[in-house]
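Accompanying notes for the structure given below.
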2 protein chains.
Amino acid sequence: MVTLRGMAAADPTSVADNRPLDRIELGDAVASRLRTLILGGEFAPGSRLVETELASRFGTSRGPVRDGLAELERTGLVRSVNRRGSFVIELTAADVDEVYSLRTALELLAVTRAIPVATTATIDRLSEAVNAMDVSLAVNDAPAVGAADMAFHRAIVEAAQHRRLLQSWEGLADQTELMMQELSSVRPELQSNHGHHSELIAAFAARDVDRAVAVLADHLDVSRTTMVEHFSS
Amino acid sequence: MVTLRGMAAADPTSVADNRPLDRIELGDAVASRLRTLILGGEFAPGSRLVETELASRFGTSRGPVRDGLAELERTGLVRSVNRRGSFVIELTAADVDEVYSLRTALELLAVTRAIPVATTATIDRLSEAVNAMDVSLAVNDAPAVGAADMAFHRAIVEAAQHRRLLQSWEGLADQTELMMQELSSVRPELQSNHGHHSELIAAFAARDVDRAVAVLADHLDVSRTTMVEHFSS
DNA sequence: GAGAATTTGTTCGTATGTATC
DNA sequence: TGATACATACGAACAAATTCT
(Lines give C-alpha, C1' and ligand atoms only; values in the text may rest on other atoms or scores of the structure.)
Protein backbone atom coordinates (compact mmCIF):
# COMPACT_ATOMS: atom_id res chain seq x y z
CA MET A 1 0.00 0.00 0.00
CA VAL A 2 1.21 3.50 -0.76
CA THR A 3 1.35 5.60 2.35
CA LEU A 4 1.95 9.29 2.83
CA ARG A 5 5.14 8.62 4.71
CA GLY A 6 7.19 8.51 1.56
CA MET A 7 7.39 12.26 1.48
CA ALA A 8 10.70 14.05 1.55
CA ALA A 9 12.46 13.63 4.84
CA ALA A 10 14.73 16.04 6.63
CA ASP A 11 18.37 16.16 5.62
CA PRO A 12 19.94 13.19 7.40
CA THR A 13 23.43 14.62 7.52
CA SER A 14 22.37 17.62 9.52
CA VAL A 15 20.55 15.33 11.91
CA ALA A 16 23.48 13.04 12.52
CA ASP A 17 26.15 15.63 13.18
CA ASN A 18 25.63 17.73 16.27
CA ARG A 19 23.62 15.64 18.63
CA PRO A 20 24.22 14.45 22.18
CA LEU A 21 26.34 11.34 22.09
CA ASP A 22 23.80 9.11 23.77
CA ARG A 23 21.19 9.90 21.15
CA ILE A 24 23.36 8.82 18.27
CA GLU A 25 22.77 5.36 16.93
CA LEU A 26 25.18 2.84 18.30
CA GLY A 27 26.61 2.04 14.89
CA ASP A 28 27.74 5.64 14.43
CA ALA A 29 29.11 5.73 17.95
CA VAL A 30 31.13 2.60 17.29
CA ALA A 31 32.47 4.10 14.06
CA SER A 32 33.43 7.31 15.84
CA ARG A 33 35.19 5.63 18.76
CA LEU A 34 36.91 3.07 16.58
CA ARG A 35 38.13 5.84 14.28
CA THR A 36 39.68 7.58 17.29
CA LEU A 37 41.36 4.37 18.39
CA ILE A 38 42.83 3.74 14.95
CA LEU A 39 44.02 7.31 14.41
CA GLY A 40 45.41 7.27 17.94
CA GLY A 41 47.52 4.24 17.13
CA GLU A 42 45.68 1.79 19.38
CA PHE A 43 45.02 -0.40 16.38
CA ALA A 44 48.05 -0.34 14.12
CA PRO A 45 47.75 -0.63 10.33
CA GLY A 46 47.12 -4.25 9.38
CA SER A 47 45.49 -5.11 12.71
CA ARG A 48 42.58 -7.47 12.62
CA LEU A 49 39.36 -6.01 13.97
CA VAL A 50 37.36 -8.79 15.55
CA GLU A 51 33.65 -8.06 15.82
CA THR A 52 33.14 -9.85 19.11
CA GLU A 53 36.16 -8.18 20.69
CA LEU A 54 34.96 -4.73 19.64
CA ALA A 55 31.44 -5.54 20.79
CA SER A 56 32.58 -6.35 24.31
CA ARG A 57 34.98 -3.40 24.36
CA PHE A 58 32.19 -0.96 23.45
CA GLY A 59 29.51 -2.76 25.42
CA THR A 60 27.20 -3.48 22.52
CA SER A 61 26.30 -6.49 20.43
CA ARG A 62 27.86 -7.35 17.09
CA GLY A 63 25.09 -5.68 15.09
CA PRO A 64 26.15 -2.08 15.72
CA VAL A 65 29.78 -3.16 15.38
CA ARG A 66 29.02 -4.41 11.88
CA ASP A 67 27.34 -1.09 11.08
CA GLY A 68 30.32 0.84 12.40
CA LEU A 69 32.82 -1.27 10.48
CA ALA A 70 30.80 -0.71 7.30
CA GLU A 71 30.93 3.03 7.93
CA LEU A 72 34.69 3.01 8.41
CA GLU A 73 35.05 0.89 5.29
CA ARG A 74 33.24 3.70 3.49
CA THR A 75 35.81 6.22 4.71
CA GLY A 76 38.58 3.86 3.67
CA LEU A 77 40.11 3.37 7.10
CA VAL A 78 39.05 -0.27 7.28
CA ARG A 79 39.00 -3.03 4.72
CA SER A 80 36.62 -5.97 4.99
CA VAL A 81 36.77 -9.30 3.22
CA ASN A 82 33.82 -11.66 3.01
CA ARG A 83 33.87 -14.29 5.70
CA ARG A 84 37.35 -13.25 6.69
CA GLY A 85 36.84 -10.16 8.73
CA SER A 86 37.95 -6.54 8.85
CA PHE A 87 41.42 -5.02 9.02
CA VAL A 88 42.96 -1.60 9.48
CA ILE A 89 44.33 -0.49 6.12
CA GLU A 90 48.05 -0.48 5.44
CA LEU A 91 49.32 2.46 3.43
CA THR A 92 51.96 2.15 0.75
CA ALA A 93 53.54 4.81 -1.44
CA ALA A 94 51.03 3.90 -4.15
CA ASP A 95 48.21 4.61 -1.73
CA VAL A 96 49.71 7.97 -0.87
CA ASP A 97 49.84 8.80 -4.56
CA GLU A 98 46.21 7.79 -5.01
CA VAL A 99 44.98 9.77 -2.04
CA TYR A 100 46.84 12.93 -2.98
CA SER A 101 46.05 12.85 -6.70
CA LEU A 102 42.37 12.39 -5.93
CA ARG A 103 42.36 14.98 -3.16
CA THR A 104 43.94 17.44 -5.56
CA ALA A 105 41.24 16.90 -8.18
CA LEU A 106 38.51 17.24 -5.57
CA GLU A 107 39.90 20.26 -3.75
CA LEU A 108 40.63 22.15 -6.95
CA LEU A 109 37.00 21.68 -7.93
CA ALA A 110 36.11 22.82 -4.42
CA VAL A 111 37.96 26.15 -4.55
CA THR A 112 36.61 26.81 -8.03
CA ARG A 113 33.07 26.45 -6.80
CA ALA A 114 33.64 27.92 -3.35
CA ILE A 115 35.15 31.29 -4.20
CA PRO A 116 32.17 32.62 -6.19
CA VAL A 117 29.85 31.88 -3.29
CA ALA A 118 32.25 32.67 -0.43
CA THR A 119 31.21 35.10 2.29
CA THR A 120 33.10 36.70 5.15
CA ALA A 121 31.94 33.78 7.28
CA THR A 122 33.83 31.47 4.92
CA ILE A 123 37.03 33.45 5.35
CA ASP A 124 36.52 33.50 9.11
CA ARG A 125 36.23 29.74 9.27
CA LEU A 126 39.41 29.29 7.26
CA SER A 127 41.26 31.72 9.49
CA GLU A 128 40.06 29.96 12.62
CA ALA A 129 41.40 26.66 11.31
CA VAL A 130 44.80 28.23 10.67
CA ASN A 131 44.82 29.71 14.16
CA ALA A 132 43.98 26.34 15.69
CA MET A 133 46.88 24.89 13.78
CA ASP A 134 49.25 27.57 15.10
CA VAL A 135 48.17 26.87 18.66
CA SER A 136 48.77 23.14 18.28
CA LEU A 137 52.11 23.77 16.63
CA ALA A 138 53.18 25.99 19.52
CA VAL A 139 52.62 23.21 22.03
CA ASN A 140 54.03 20.51 19.75
CA ASP A 141 50.80 18.51 19.65
CA ALA A 142 51.35 16.64 16.41
CA PRO A 143 47.99 14.83 16.25
CA ALA A 144 46.17 18.09 16.85
CA VAL A 145 48.17 19.79 14.11
CA GLY A 146 47.12 17.09 11.68
CA ALA A 147 43.50 17.37 12.73
CA ALA A 148 43.57 21.16 12.36
CA ASP A 149 45.22 20.87 8.97
CA MET A 150 42.43 18.59 7.81
CA ALA A 151 39.86 20.95 9.32
CA PHE A 152 41.27 23.71 7.13
CA HIS A 153 40.93 21.64 3.99
CA ARG A 154 37.51 20.45 5.06
CA ALA A 155 36.39 24.05 5.42
CA ILE A 156 37.36 24.67 1.81
CA VAL A 157 35.41 21.69 0.58
CA GLU A 158 32.39 22.56 2.71
CA ALA A 159 32.46 26.10 1.33
CA ALA A 160 31.80 24.70 -2.13
CA GLN A 161 28.29 23.71 -0.99
CA HIS A 162 28.47 20.50 -2.95
CA ARG A 163 27.17 17.49 -1.02
CA ARG A 164 28.63 14.78 -3.24
CA LEU A 165 31.98 16.51 -3.45
CA LEU A 166 32.16 16.61 0.34
CA GLN A 167 31.17 12.98 0.55
CA SER A 168 33.92 11.91 -1.84
CA TRP A 169 36.45 14.05 -0.01
CA GLU A 170 35.47 12.51 3.32
CA GLY A 171 36.40 9.17 1.83
CA LEU A 172 39.99 10.41 1.87
CA ALA A 173 40.12 12.52 5.02
CA ASP A 174 40.65 9.73 7.52
CA GLN A 175 43.27 8.08 5.36
CA THR A 176 45.13 11.38 5.03
CA GLU A 177 45.03 11.90 8.77
CA LEU A 178 46.39 8.39 9.28
CA MET A 179 49.30 9.24 6.98
CA MET A 180 49.96 12.44 8.88
CA GLN A 181 50.05 10.61 12.20
CA GLU A 182 52.46 8.07 10.82
CA LEU A 183 54.71 10.76 9.37
CA SER A 184 54.66 13.09 12.36
CA SER A 185 55.51 10.30 14.76
CA VAL A 186 58.77 9.85 12.90
CA ARG A 187 59.50 13.28 11.47
CA PRO A 188 57.64 15.83 13.60
CA GLU A 189 59.46 18.75 12.02
CA LEU A 190 57.85 18.21 8.62
CA GLN A 191 54.44 19.44 9.57
CA SER A 192 52.56 22.46 8.32
CA ASN A 193 52.94 24.81 5.42
CA HIS A 194 51.65 27.87 7.09
CA GLY A 195 52.58 30.22 4.27
CA HIS A 196 50.46 28.32 1.77
CA HIS A 197 47.45 28.46 4.02
CA SER A 198 47.68 32.22 4.44
CA GLU A 199 48.15 32.72 0.73
CA LEU A 200 45.08 30.64 0.04
CA ILE A 201 43.00 32.70 2.42
CA ALA A 202 44.21 35.84 0.67
CA ALA A 203 43.19 34.43 -2.69
CA PHE A 204 39.76 33.65 -1.24
CA ALA A 205 39.40 37.19 0.06
CA ALA A 206 40.39 38.57 -3.33
CA ARG A 207 38.07 36.11 -5.08
CA ASP A 208 40.98 35.15 -7.28
CA VAL A 209 40.13 31.63 -8.46
CA ASP A 210 43.21 31.18 -10.64
CA ARG A 211 45.57 32.15 -7.86
CA ALA A 212 43.77 29.98 -5.33
CA VAL A 213 43.96 27.01 -7.67
CA ALA A 214 47.67 27.58 -8.23
CA VAL A 215 48.44 27.93 -4.52
CA LEU A 216 46.39 24.90 -3.53
CA ALA A 217 47.84 22.72 -6.28
CA ASP A 218 51.33 23.70 -5.20
CA HIS A 219 50.53 23.12 -1.53
CA LEU A 220 49.15 19.64 -2.15
CA ASP A 221 52.03 18.78 -4.41
CA VAL A 222 54.56 19.68 -1.73
CA SER A 223 52.68 17.60 0.83
CA ARG A 224 52.39 14.71 -1.58
CA THR A 225 56.10 14.72 -2.29
CA THR A 226 56.96 14.67 1.40
CA MET A 227 54.50 11.86 2.04
CA VAL A 228 55.51 9.72 -0.91
CA GLU A 229 59.13 10.04 0.12
CA HIS A 230 58.36 8.94 3.65
CA PHE A 231 56.24 5.98 2.63
CA SER A 232 58.76 4.82 0.06
CA SER A 233 61.45 4.18 2.60
CA MET B 1 8.55 -17.72 -2.45
CA VAL B 2 11.87 -17.85 -4.21
CA THR B 3 14.64 -17.16 -1.78
CA LEU B 4 18.06 -15.88 -2.70
CA ARG B 5 19.77 -18.73 -0.98
CA GLY B 6 17.36 -21.31 -2.29
CA MET B 7 17.55 -20.06 -5.83
CA ALA B 8 21.30 -20.12 -5.77
CA ALA B 9 21.37 -23.66 -4.50
CA ALA B 10 18.71 -24.95 -6.87
CA ASP B 11 19.93 -23.31 -10.05
CA PRO B 12 23.26 -21.56 -9.77
CA THR B 13 23.76 -21.04 -13.48
CA SER B 14 20.68 -19.14 -14.63
CA VAL B 15 19.87 -16.37 -12.24
CA ALA B 16 18.21 -13.14 -13.21
CA ASP B 17 21.34 -11.03 -12.91
CA ASN B 18 23.66 -13.57 -14.53
CA ARG B 19 25.86 -13.41 -11.48
CA PRO B 20 26.86 -16.35 -9.33
CA LEU B 21 24.64 -15.75 -6.35
CA ASP B 22 25.79 -18.71 -4.36
CA ARG B 23 29.27 -17.33 -3.86
CA ILE B 24 28.40 -13.83 -2.79
CA GLU B 25 27.02 -12.71 0.50
CA LEU B 26 23.30 -12.17 0.71
CA GLY B 27 23.79 -8.50 1.48
CA ASP B 28 25.49 -8.00 -1.87
CA ALA B 29 22.79 -10.01 -3.60
CA VAL B 30 20.11 -7.82 -2.05
CA ALA B 31 21.98 -4.69 -3.14
CA SER B 32 22.33 -6.02 -6.68
CA ARG B 33 18.71 -7.02 -7.10
CA LEU B 34 17.36 -3.92 -5.40
CA ARG B 35 19.53 -1.78 -7.66
CA THR B 36 17.99 -3.46 -10.72
CA LEU B 37 14.51 -2.90 -9.35
CA ILE B 38 15.16 0.79 -8.72
CA LEU B 39 16.85 1.40 -12.07
CA GLY B 40 14.04 -0.56 -13.73
CA GLY B 41 11.46 1.76 -12.26
CA GLU B 42 9.90 -0.75 -9.88
CA PHE B 43 10.66 1.59 -7.01
CA ALA B 44 10.15 5.15 -8.12
CA PRO B 45 12.27 8.03 -6.77
CA GLY B 46 11.05 8.96 -3.30
CA SER B 47 9.67 5.50 -2.58
CA ARG B 48 10.07 4.21 0.91
CA LEU B 49 12.07 1.01 1.16
CA VAL B 50 10.70 -0.99 4.06
CA GLU B 51 13.16 -3.51 5.44
CA THR B 52 10.57 -6.16 6.29
CA GLU B 53 8.93 -5.85 2.89
CA LEU B 54 12.24 -6.28 1.09
CA ALA B 55 13.18 -9.14 3.36
CA SER B 56 10.06 -11.11 2.49
CA ARG B 57 10.37 -10.19 -1.19
CA PHE B 58 13.91 -11.53 -1.34
CA GLY B 59 13.30 -14.36 1.07
CA THR B 60 15.92 -13.36 3.63
CA SER B 61 15.90 -11.84 7.06
CA ARG B 62 16.34 -8.15 7.72
CA GLY B 63 20.06 -8.45 8.41
CA PRO B 64 21.18 -8.84 4.80
CA VAL B 65 18.58 -6.27 3.76
CA ARG B 66 20.21 -3.74 6.06
CA ASP B 67 23.61 -4.60 4.58
CA GLY B 68 22.25 -4.17 1.06
CA LEU B 69 20.61 -0.86 1.87
CA ALA B 70 23.89 0.38 3.36
CA GLU B 71 25.68 -0.60 0.17
CA LEU B 72 23.17 1.27 -2.00
CA GLU B 73 23.43 4.24 0.30
CA ARG B 74 27.14 4.19 -0.45
CA THR B 75 26.45 4.36 -4.18
CA GLY B 76 23.99 7.19 -3.57
CA LEU B 77 20.90 5.45 -4.91
CA VAL B 78 19.30 5.25 -1.48
CA ARG B 79 19.14 7.68 1.38
CA SER B 80 18.63 6.49 4.96
CA VAL B 81 17.58 8.48 7.98
CA ASN B 82 18.01 7.26 11.53
CA ARG B 83 14.92 5.59 12.87
CA ARG B 84 12.93 6.77 9.87
CA GLY B 85 13.94 4.36 7.17
CA SER B 86 15.40 4.33 3.67
CA PHE B 87 14.16 6.01 0.52
CA VAL B 88 15.01 6.01 -3.15
CA ILE B 89 16.70 9.31 -3.91
CA GLU B 90 14.85 12.06 -5.78
CA LEU B 91 16.94 13.98 -8.27
CA THR B 92 16.66 17.71 -8.79
CA ALA B 93 18.49 19.99 -11.21
CA ALA B 94 20.92 20.79 -8.41
CA ASP B 95 21.69 17.09 -8.04
CA VAL B 96 22.30 16.79 -11.76
CA ASP B 97 24.73 19.67 -11.55
CA GLU B 98 26.55 18.04 -8.64
CA VAL B 99 26.80 14.66 -10.29
CA TYR B 100 28.08 16.02 -13.58
CA SER B 101 30.55 18.51 -12.14
CA LEU B 102 32.04 15.82 -9.95
CA ARG B 103 32.03 13.22 -12.70
CA THR B 104 33.86 15.69 -14.90
CA ALA B 105 36.59 16.26 -12.33
CA LEU B 106 36.97 12.53 -11.76
CA GLU B 107 36.91 11.43 -15.37
CA LEU B 108 39.35 14.12 -16.46
CA LEU B 109 41.77 12.84 -13.85
CA ALA B 110 41.03 9.35 -15.16
CA VAL B 111 41.97 10.03 -18.78
CA THR B 112 45.05 11.91 -17.67
CA ARG B 113 46.27 8.90 -15.76
CA ALA B 114 44.90 6.27 -18.11
CA ILE B 115 46.44 7.34 -21.40
CA PRO B 116 50.08 6.96 -20.31
CA VAL B 117 49.41 3.39 -19.20
CA ALA B 118 46.88 2.42 -21.87
CA THR B 119 47.41 -0.72 -23.93
CA THR B 120 45.66 -2.11 -26.97
CA ALA B 121 43.45 -4.04 -24.55
CA THR B 122 42.27 -0.72 -23.15
CA ILE B 123 41.30 0.52 -26.61
CA ASP B 124 39.56 -2.76 -27.31
CA ARG B 125 37.43 -2.49 -24.20
CA LEU B 126 36.40 1.05 -25.08
CA SER B 127 35.49 -0.01 -28.62
CA GLU B 128 33.45 -2.92 -27.35
CA ALA B 129 31.43 -0.62 -25.13
CA VAL B 130 30.71 1.67 -28.09
CA ASN B 131 29.65 -1.31 -30.17
CA ALA B 132 27.33 -2.50 -27.42
CA MET B 133 25.81 0.94 -27.38
CA ASP B 134 25.25 0.87 -31.15
CA VAL B 135 23.50 -2.48 -30.92
CA SER B 136 21.19 -1.25 -28.19
CA LEU B 137 20.50 1.95 -30.10
CA ALA B 138 19.55 -0.07 -33.20
CA VAL B 139 16.87 -1.96 -31.33
CA ASN B 140 15.71 1.08 -29.36
CA ASP B 141 16.49 -0.44 -25.98
CA ALA B 142 16.88 2.72 -23.96
CA PRO B 143 17.89 1.16 -20.64
CA ALA B 144 20.56 -0.90 -22.37
CA VAL B 145 21.88 2.20 -24.13
CA GLY B 146 22.24 3.91 -20.80
CA ALA B 147 23.98 0.91 -19.29
CA ALA B 148 26.37 0.66 -22.25
CA ASP B 149 27.10 4.38 -22.04
CA MET B 150 28.05 4.00 -18.41
CA ALA B 151 30.12 0.92 -19.25
CA PHE B 152 32.13 3.08 -21.66
CA HIS B 153 32.83 5.69 -19.03
CA ARG B 154 33.58 3.01 -16.47
CA ALA B 155 36.15 1.51 -18.82
CA ILE B 156 37.94 4.87 -18.91
CA VAL B 157 38.02 5.13 -15.13
CA GLU B 158 39.15 1.54 -14.72
CA ALA B 159 41.93 2.13 -17.22
CA ALA B 160 43.41 4.71 -14.85
CA GLN B 161 44.28 1.90 -12.44
CA HIS B 162 43.37 4.04 -9.47
CA ARG B 163 41.31 2.22 -6.87
CA ARG B 164 40.07 5.22 -4.96
CA LEU B 165 39.22 7.10 -8.12
CA LEU B 166 37.09 4.18 -9.27
CA GLN B 167 35.43 3.97 -5.90
CA SER B 168 34.49 7.65 -5.95
CA TRP B 169 33.23 7.36 -9.51
CA GLU B 170 31.08 4.38 -8.62
CA GLY B 171 29.36 6.59 -6.09
CA LEU B 172 27.97 8.51 -9.06
CA ALA B 173 27.41 5.77 -11.63
CA ASP B 174 24.08 4.52 -10.35
CA GLN B 175 22.76 8.02 -9.92
CA THR B 176 23.76 8.88 -13.47
CA GLU B 177 22.06 5.78 -14.78
CA LEU B 178 18.91 6.71 -12.87
CA MET B 179 18.96 10.12 -14.55
CA MET B 180 19.38 8.52 -17.95
CA GLN B 181 16.42 6.22 -17.38
CA GLU B 182 14.27 9.12 -16.33
CA LEU B 183 15.32 11.18 -19.34
CA SER B 184 15.07 8.44 -21.94
CA SER B 185 11.60 7.45 -20.79
CA VAL B 186 10.43 10.93 -21.76
CA ARG B 187 12.81 11.98 -24.51
CA PRO B 188 14.22 8.80 -26.06
CA GLU B 189 15.73 10.71 -28.98
CA LEU B 190 18.25 12.54 -26.80
CA GLN B 191 20.46 9.56 -26.09
CA SER B 192 24.03 9.03 -27.10
CA ASN B 193 26.78 11.19 -28.51
CA HIS B 194 28.41 8.62 -30.65
CA GLY B 195 30.81 11.05 -32.31
CA HIS B 196 32.33 12.07 -29.01
CA HIS B 197 32.96 8.49 -28.03
CA SER B 198 34.79 7.72 -31.26
CA GLU B 199 36.85 10.87 -30.96
CA LEU B 200 37.83 9.92 -27.45
CA ILE B 201 38.96 6.49 -28.55
CA ALA B 202 41.04 8.12 -31.27
CA ALA B 203 42.68 10.40 -28.72
CA PHE B 204 43.46 7.36 -26.58
CA ALA B 205 45.01 5.56 -29.52
CA ALA B 206 47.13 8.63 -30.30
CA ARG B 207 48.02 9.03 -26.62
CA ASP B 208 46.94 12.64 -26.88
CA VAL B 209 46.03 13.61 -23.32
CA ASP B 210 45.14 17.22 -24.10
CA ARG B 211 42.77 16.24 -26.87
CA ALA B 212 41.18 13.50 -24.80
CA VAL B 213 40.61 15.93 -21.94
CA ALA B 214 39.05 18.46 -24.30
CA VAL B 215 36.77 15.92 -25.96
CA LEU B 216 35.65 14.39 -22.68
CA ALA B 217 35.03 17.75 -21.05
CA ASP B 218 32.94 18.79 -24.02
CA HIS B 219 31.05 15.50 -24.05
CA LEU B 220 30.18 15.70 -20.38
CA ASP B 221 29.20 19.35 -20.71
CA VAL B 222 26.76 18.55 -23.49
CA SER B 223 25.25 15.73 -21.46
CA ARG B 224 25.05 17.90 -18.39
CA THR B 225 23.24 20.67 -20.25
CA THR B 226 20.67 18.23 -21.64
CA MET B 227 20.13 16.71 -18.23
CA VAL B 228 19.90 19.95 -16.30
CA GLU B 229 17.38 21.24 -18.81
CA HIS B 230 15.23 18.14 -18.42
CA PHE B 231 15.34 18.15 -14.64
CA SER B 232 14.59 21.85 -14.44
CA SER B 233 11.17 21.53 -16.04
C1' DG C 1 -3.46 14.73 21.98
C1' DA C 2 -3.52 9.67 23.23
C1' DG C 3 -3.38 5.05 21.88
C1' DA C 4 -2.55 1.56 18.26
C1' DA C 5 0.04 -0.16 14.57
C1' DT C 6 3.97 -0.26 11.93
C1' DT C 7 8.91 -0.03 11.47
C1' DT C 8 13.47 0.44 12.84
C1' DG C 9 17.43 -0.55 16.17
C1' DT C 10 19.28 -4.05 18.92
C1' DT C 11 20.34 -8.46 20.97
C1' DC C 12 21.40 -13.21 20.98
C1' DG C 13 21.46 -18.04 19.26
C1' DT C 14 22.84 -20.98 15.42
C1' DA C 15 25.21 -22.60 11.30
C1' DT C 16 28.67 -22.24 7.86
C1' DG C 17 32.96 -20.98 6.23
C1' DT C 18 38.02 -19.95 7.36
C1' DA C 19 42.35 -20.57 9.54
C1' DT C 20 45.36 -23.33 12.26
C1' DC C 21 47.54 -27.28 14.27
C1' DT D 1 45.92 -33.73 4.92
C1' DG D 2 42.21 -34.05 8.61
C1' DA D 3 40.28 -32.38 12.78
C1' DT D 4 39.59 -28.58 15.79
C1' DA D 5 38.85 -23.80 17.17
C1' DC D 6 37.20 -19.60 15.97
C1' DA D 7 34.92 -15.71 13.60
C1' DT D 8 31.56 -14.23 10.57
C1' DA D 9 26.85 -14.46 8.20
C1' DC D 10 22.23 -15.23 8.99
C1' DG D 11 17.73 -15.66 11.33
C1' DA D 12 14.27 -14.63 14.86
C1' DA D 13 12.56 -12.21 18.75
C1' DC D 14 12.61 -8.13 21.79
C1' DA D 15 12.47 -3.11 22.64
C1' DA D 16 12.05 1.63 21.39
C1' DA D 17 10.61 5.20 18.34
C1' DT D 18 7.82 7.15 14.77
C1' DT D 19 3.55 7.56 12.26
C1' DC D 20 -1.29 6.99 11.73
C1' DT D 21 -6.08 6.66 13.45
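So you know, we letter chains A, B, ... as the sequences are listed, proteins then strands, and number each from 1.
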**Request:** Please report, rounded to the nearest Å, how far the P atom of dC10(D) is from the CZ atom of Phe58(B).
**Result:** 14 Å
**Message:** For a 4.5 angstrom cut-off between non-hydrogen side-chain atoms, does Val30(B) reach Asp67(B)?
**Reply:** no
**Prompt:** Please give, in whole Å, the distance from dA13(D) C1' to Glu51(B) CD?
**Reply:** 15 Å
**Prompt:** Should the heavy atoms of other residues, nucleotides or ligands under 6.0 Å from CD of Glu229(B) be counted, would the total exceed 12?
**Reply:** no
**Heavy-atom check, side chain of Glu98(B) versus side chain of Leu165(A), under 4.5 Å** = no
**Item:** Whole angstrom value for the distance that separates C1' of dT19(D) from CZ of Arg83(B)
**Value:** 14 Å
**Request:** Whole angstrom is fine here: how far is it from CD in Glu25(A) over to C1' in dA15(D)?
**Result:** 13 Å
**Prompt:** Roughly how many Å is it from CD in Glu53(A) to C1' in dA7(D), rounded to a whole number?
**Reply:** 12 Å
**Request:** When you get a sec, tell me which of dT8(D), dA9(D), dT8(C) is the closest nucleotide to the side chain of Asn82(A)?
**Result:** dA9(D)
**Request:** Indicate yes or no: at least one non-hydrogen side-chain atom of Asp174(A) is less than 4.5 angstrom from one of Met150(A).
**Result:** no
**Rounded interatomic separation in angstrom, taking CG from Leu26(A) and P from dT11(C)** = 6 Å
**Request:** Would you indicate what Leu49(B) reaches in the nucleic acid, counting non-hydrogen atoms under 4.0 angstrom: base, sugar-phosphate, or nothing?
**Result:** sugar-phosphate
**Asked** Considering heavy-atom distances to DNA chain C, does Ser61(A) or Arg84(A) have its closest nucleotide positioned more toward the 5' end?
**Response** Ser61(A)
**Fill in**
By side chain to side chain donor-acceptor pair (under 3.5 Å), Glu42(B) pairs with (sequence neighbours left out) none
**Message:** Give me each pair satisfying ring-ring contact (aromatic ring centres under 6.0 Å, His included) with a member in residues 140-165 of chain A, each pair once, sequence neighbours excluded.
**Reply:** Phe152(A)-His197(A), His153(A)-His197(A), His153(A)-His219(A)
**Request:** Kindly state which residues belonging to residues 62-78 of chain B come within less than 4.0 angstrom of DNA chain C, counting heavy atoms of the residue only, listed by number.
**Result:** Arg62(B), Arg66(B)
